[in-house]
Asker: 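This is the structure, below, for whatever I ask next.
Just so you know, ligand 1 is whichever comes first in the structure, and atom 1 is the first atom listed for that ligand.
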Amino acid sequence: MSSTADAPTLPKPSILDLSRSDLEREVVDSFGQSRYRAKQIWQAIHRECIADFDAITTLPKPLRSQLSERFTVDPLQKVMHLTSADGSTDKALFRLPDGELIETVLMRYTADGHRKARKTVCVSTQAGCALGCTFCATGQQGFRRQLSVGEIVAQTIFMQRIAMAEDRAEVESRQRDLGSIQGVTNVVFMGMGEPLANYNNSMAAIRAINDANGLAVGARHITLSTVGLAPQIIQLASENIQINLAVSLHAPDDETRSETMPINRRYPISVLLDACRRYVEITDRRIFFEYVLLKGQNDTVGHARKLGRLLAGLLCHVNLIPVNPTSDGPYQRTSRDDAELFQIELLRFGVPSTVRIEKGIDIDAGCGQLRERAIDAEDLGL
Ligand code: SAH
Ligand code: SF4
């Protein structure tokens with residue numbers, strides 16, 4: 001006896017979980033359609049960001065119905081959406097199909113002397129994080145689960161819809177030329193979670209976001225930030241993709257680093273730096289070191305001197321980030337003047353650095369983490 005009527009209905013998978021080749025296989029093998037149809041579907045979902053199969057009018061109606069029966073498009077349900085008072089930053093909170101919550105941020109930068117205007121999305125790669133850094137709001141909440149490829153890509157698509165709509169509105173009001181509609185220009189994997197602990201899904205999401213027929217964000221405009229998982233850094237070096245790598249260093253010696261970053265006991269600084277040197281050798285690409293300045297903890301001239309000695313001679317750039325205090329964390333921000341002293345000391349060792357200014361601080365409070373760290377090669381005029 002088989003009664004399907006009583007069987008619980010599983011949620012449909014998101015089409016965003018499929019890579020381009022998965023989609024092609026599905027469309028050709030399961031739906032008996034041509035590869036050309038797969039390309040149309042990919043473009044509709046990933047480039048035009050259409051949220052409903054029925055609205056893909058280039059497809060025959062029966063195929064639209066088949067797609068709707070088999071898949072959903074968007075796995076994210078928007079719970080909250082805030083825009084900062086200065087209009088530069090949007091933050092969205094999403095509920096996933098199983099109830100987990102994640103955050104995504106869009107940061108807008110106007111053109112300045114040496115950089116073009118850009119729109120950067122900061123995506124999450126895990127719900128929570130297992131690594132427990134003491135200054136990090138996500139780390140203090142613990143690990144919930146890995147995000148799927150579709151859940152990562154969908155965050156970018158959500159922000160792309162907003163970015164494209166405002167670009168188009170600017171063209172209509174003649175604040176912009178038609179040719180300058182570009183939507184999201186940069187993506188940083190710096191939201192909740194550790195991307196290299198969700199390696200395969202993060203890489204598949206990067207390839208989807210980079211795809212020329214989809215969102216088409218250039219690899220050099222994509223940055224992945226890691227807590228410093230040494231073996232995966234070496235693995236990343238052999239991926240054939242020119243993304244930027246940011247490594248969260250946050251201290252110049254093992255004692256100081258282990259106090260705030262438990263991962264340092266597994267991959268101490270010597271092991272981490274060996275992996276970084278190997279990465280630079282293989283890729284010939286600069287590494288960005290993130291250094292959150294924690295007042296009194298890692299921000300003295302003595303720490304700067306040690307850091308300078310550690311990084312001297314390595315192809316790298318340091319981003320100094322005054323900490324964004326979390327609600328129950330003990331840390332305070334380093335003053336701008338002290339950050340500049342730190343920077344001057346690093347320069348004596350030939351180590352270049354930038355002090356990051358925060359964006360959207362007024363809407364960042366609940367999160368304590370997703371913030372301005374949009375670093376890419378362009379930033380340095382490379
Ligand atoms: N897990 C990865 C990526 C997500 S965190 C990583 O740790 O690199 C992205 C960046 O935000 C990291 O450099 C992290 O150390 C930093 N960060 C976490 N909490 C912060 C806080 N309260 N203030 C400033 N930066 C913070
Ligand atoms: Fe995890 Fe990164 Fe937060 Fe550390 S800083 S707890 S690795 S998300």
Side-chain angles (χ1 to χ4, degrees), residues 102-105 107 120-147 152 155 187-199 201-202 205-206 222-230 232-233 236 243-251 256-267 272 275-276 287-295 297-299 317-334 339 353-361 364-375:
I102 57 162
E103 291 174 21
T104 309
V105 177
M107 293 162 284
T120 300
V121 177
C122 177
V123 295
S124 297
T125 54
Q126 299 180 315
C129 181
L131 296 166
C133 303
T134 56
F135 45 81
C136 172
T138 308
Q140 293 312 297
Q141 289 156 23
F143 179 70
R144 307 287 301 176
R145 73 163 169 86
Q146 305 285 17
L147 297 194
I152 303 172
Q155 297 172 59
V187 177
V188 294
F189 284 61
M190 293 188 179
M192 301 168 86
E194 167 54 39
L196 294 188
N198 188 10
Y199 190 96
N201 290 354
S202 295
I206 287 171
I222 299 175
T223 300
L224 180 149
S225 174
T226 176
V227 72
L229 304 185
Q232 285 89 335
I233 289 175
L236 183 65
I243 59 167
N244 302 298
L245 175 64
V247 174
S248 296
L249 191 54
H250 307 331
T256 314
R257 194 164 189 264
S258 295
E259 274 170 20
T260 56
M261 302 180 73
I263 193 68
N264 195 63
R265 288 181 213 116
R266 180 124 156 250
Y267 301 116
L272 174 56
C276 292
I287 289 195
F288 298 92
F289 286 105
E290 288 160 282
Y291 196 100
V292 169
L293 292 166
L294 308 165
K295 197 179 171 102
Q297 164 72 23
N298 66 355
D299 69 342
H317 187 92
V318 176
N319 292 309
L320 298 168
I321 310 146
V323 69
N324 185 21
T326 56
S327 49
D328 46 0
Y331 304 108
Q332 281 162 20
R333 317 191 84 198
T334 300
S353 66
T354 311
V355 180
R356 294 271 126 207
I357 314 292
E358 274 186 62
K359 253 192 185 308
I361 189 107
D364 215 12
C367 153
Q369 187 202 17
L370 295 176
R371 19 164 306 119
E372 208 271 54
R373 229 146 310 113
I375 311 308

Asker: At under 4.0 Å between heavy atoms, which part of E194 makes contact with ligand 1: side chain, backbone, both or neither?
Answerer: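 Both backbone and side chain.
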Asker: Verify side-chain contact (heavy atoms from CB on, under 4.5 Å) between F135 and M261, making sure each step is shown before the conclusion.
Answerer: CA-CA 9 Å; F135 45 81; M261 302 180 73; 4.0 Å; yes
Asker: Let's go through V247 and I233 carefully: what are the C-alpha distance in whole Å and the side-chain angles of both, what is the deciding distance for side-chain contact (heavy atoms from CB on, under 4.5 Å) to 0.1 Å, and is it a yes or a no?
Answerer: CA-CA 9 Å; V247 174; I233 289 175; 4.2 Å; yes
Asker: Indicate, as side chain, backbone, both or neither, the part of C133 found under 4.0 angstrom from ligand 2 when only non-hydrogen atoms are considered.
Answerer: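 The part of C133 near ligand 2 is both the backbone and the side chain.
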Asker: Can Y331 and T134 be counted as having a side-chain donor-acceptor contact under 3.5 angstrom?
Answerer: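 Side-chain D/A pair, Y331 to T134: present.
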Asker: Is P325 close to ligand 1, meaning an N/O of one under 3.5 Å from an N/O of the other?
Answerer: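 By distance alone, the answer is no.
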Asker: V355 vs N319, test: side-chain contact (heavy atoms from CB on, under 4.5 Å). Steps then yes/no.
Answerer: CA-CA 6 Å; V355 180; N319 292 309; over 6 Å; no
Asker: Short list, please: which atoms of ligand 1 are under 4.0 Å from a heavy atom of T226?
Answerer: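 Heavy-atom distances to T226 below 4.0 Å select 6 (C), 8 (O).
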Asker: Look at C129 and state whether any of its N, O or S atoms is less than 2.8 Å from atom 3 (Fe) of ligand 2.
Answerer: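 False for C129.
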Asker: Counting heavy atoms only, which part of L131 comes closer than 4.0 Å to ligand 1: side chain, backbone, both or neither?
Answerer: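 The answer is neither.
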Asker: What atoms in ligand 2 come closer than 4.0 Å to a heavy atom of G132?
Answerer: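 Close to G132: 6 (S).
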Asker: Got a sec: does the CZ of R144 have more than 12 other heavy atoms crowding it under 6.0 Å?
Answerer: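 No, the 6.0 Å shell around CZ holds no more than 12 heavy atoms from other groups.
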Asker: Measuring from atom 7 (S) of ligand 2, which candidate in T134, L229, V227 has the nearest non-hydrogen atom?
Answerer: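 Selected option, by shortest heavy-atom distance: V227.
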Asker: With a 3.5 Å cut-off and no angle check, do the side chains of E259 and Q297 form a donor-acceptor pair?
Answerer: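 The answer is yes; a qualifying pair exists.
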Asker: Taking only non-hydrogen atoms of M192, do any sit less than 4.0 angstrom from ligand 1?
Answerer: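 No, M192 has no heavy atom closer than 4.0 Å to ligand 1.
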Asker: Measure the shortest side-chain to side-chain distance between R356 and T354 over non-hydrogen atoms and say whether it is less than 4.5 angstrom.
Answerer: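 Side chain of R356 against side chain of T354, heavy atoms only: contact under 4.5 Å found.
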Asker: Any idea which atoms of ligand 1 are less than 4.0 Å away from a heavy-atom of S248?
Answerer: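 Numbered from 1, ligand 1 contributes 6 (C), 7 (O), 8 (O), 12 (C), 13 (O), 15 (O).
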Asker: Contact between ligand 2 and G193 is defined here as a heavy atom of the residue under 4.0 Å from a ligand atom; is it met?
Answerer: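 Per 4.0 Å heavy-atom rule, G193 contacts ligand 2.
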Asker: Is the side chain of N201 donor-acceptor paired with the backbone N or O of L147 at a distance under 3.5 Å, no angle test?
Answerer: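 Flag set: sc N201 to bb L147 pair under 3.5 Å.
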Asker: State the atoms of ligand 1, each with its element, that fall below the 4.0 Å cut-off from a heavy-atom position in G193.
Answerer: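 Heavy-atom distances to G193 below 4.0 Å select 1 (N), 2 (C), 3 (C), 4 (C).
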Asker: Who gets closest to atom 4 (C) of ligand 1 by heavy atom: P195, G191, S124, P322?
Answerer: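 Result: the heavy atom closest to atom 4 (C) of ligand 1 is in G191.
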Asker: Which of the atoms in ligand 1, numbered in the order shown and given with their element, are less than 4.0 Å from a heavy-atom of V323?
Answerer: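 Answer, ordered by atom number: 21 (C), 22 (N), 23 (N).
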Asker: Considering the heavy atoms of L131, write down every atom of ligand 2 situated less than 4.0 Å from one of them.
Answerer: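 Matching atoms, with element in brackets: 7 (S).
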Asker: List the residues meeting side-chain hydrogen bond (donor to acceptor under 3.5 Å, both in side chains) with Q232, not counting sequence neighbours, and say none if there are none.
Answerer: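 Checked Q232 against side-chain hydrogen bond (donor to acceptor under 3.5 Å, both in side chains); zero matches.
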Asker: Within ligand 1, which atoms have a heavy atom of V292 less than 4.0 Å away?
Answerer: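 Numbered from 1, ligand 1 contributes 24 (C), 25 (N), 26 (C).
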Asker: Go through the structure and list residues passing salt bridge (Lys or Arg N to Asp or Glu O under 4.0 Å) with R266, not counting sequence neighbours.
Answerer: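 R266 satisfies salt bridge (Lys or Arg N to Asp or Glu O under 4.0 Å) with no other residue.
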Asker: Can you confirm, on distance only, whether ligand 1 has an N/O atom lying under 3.5 Å from any N/O atom belonging to F135?
Answerer: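 N/O-N/O distance under 3.5 Å: yes.
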Asker: For S124, does its backbone N or O pair with a side-chain atom of Q155 as donor and acceptor, under 3.5 Å?
Answerer: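 Side chain of Q155 to backbone of S124, a donor-acceptor pair under 3.5 Å: yes, one is there.
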Asker: Which is closest to atom 6 (S) of ligand 2 by heavy-atom distance: G139, S124, G128?
Answerer: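 Shortest heavy-atom distance from atom 6 (S) of ligand 2: G139.
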Asker: Do S353 and H317 have a side chain donor and acceptor closer than 3.5 Å?
Answerer: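 Short answer, no.
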Asker: Heavy atoms only, cut-off 4.0 Å: how does N324 contact ligand 1, side chain, backbone, both, or neither?
Answerer: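 Both backbone and side chain.
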Asker: Pair L229, E194 - check side-chain contact (heavy atoms from CB on, under 4.5 Å), show working.
Answerer: CA-CA 9 Å; L229 304 185; E194 167 54 39; 3.9 Å; yes
Asker: Enumerate the atoms of ligand 1 whose separation from the nearest heavy atom of V227 is less than 4.0 angstrom.
Answerer: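 In order of numbering, the contacting atoms are 6 (C), 7 (O), 8 (O).
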Asker: Who gets closest to atom 14 (C) of ligand 1 by heavy atom: E290, H250, R356?
Answerer: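 Among E290, H250, R356, the closest heavy atom to atom 14 (C) of ligand 1 comes from H250.
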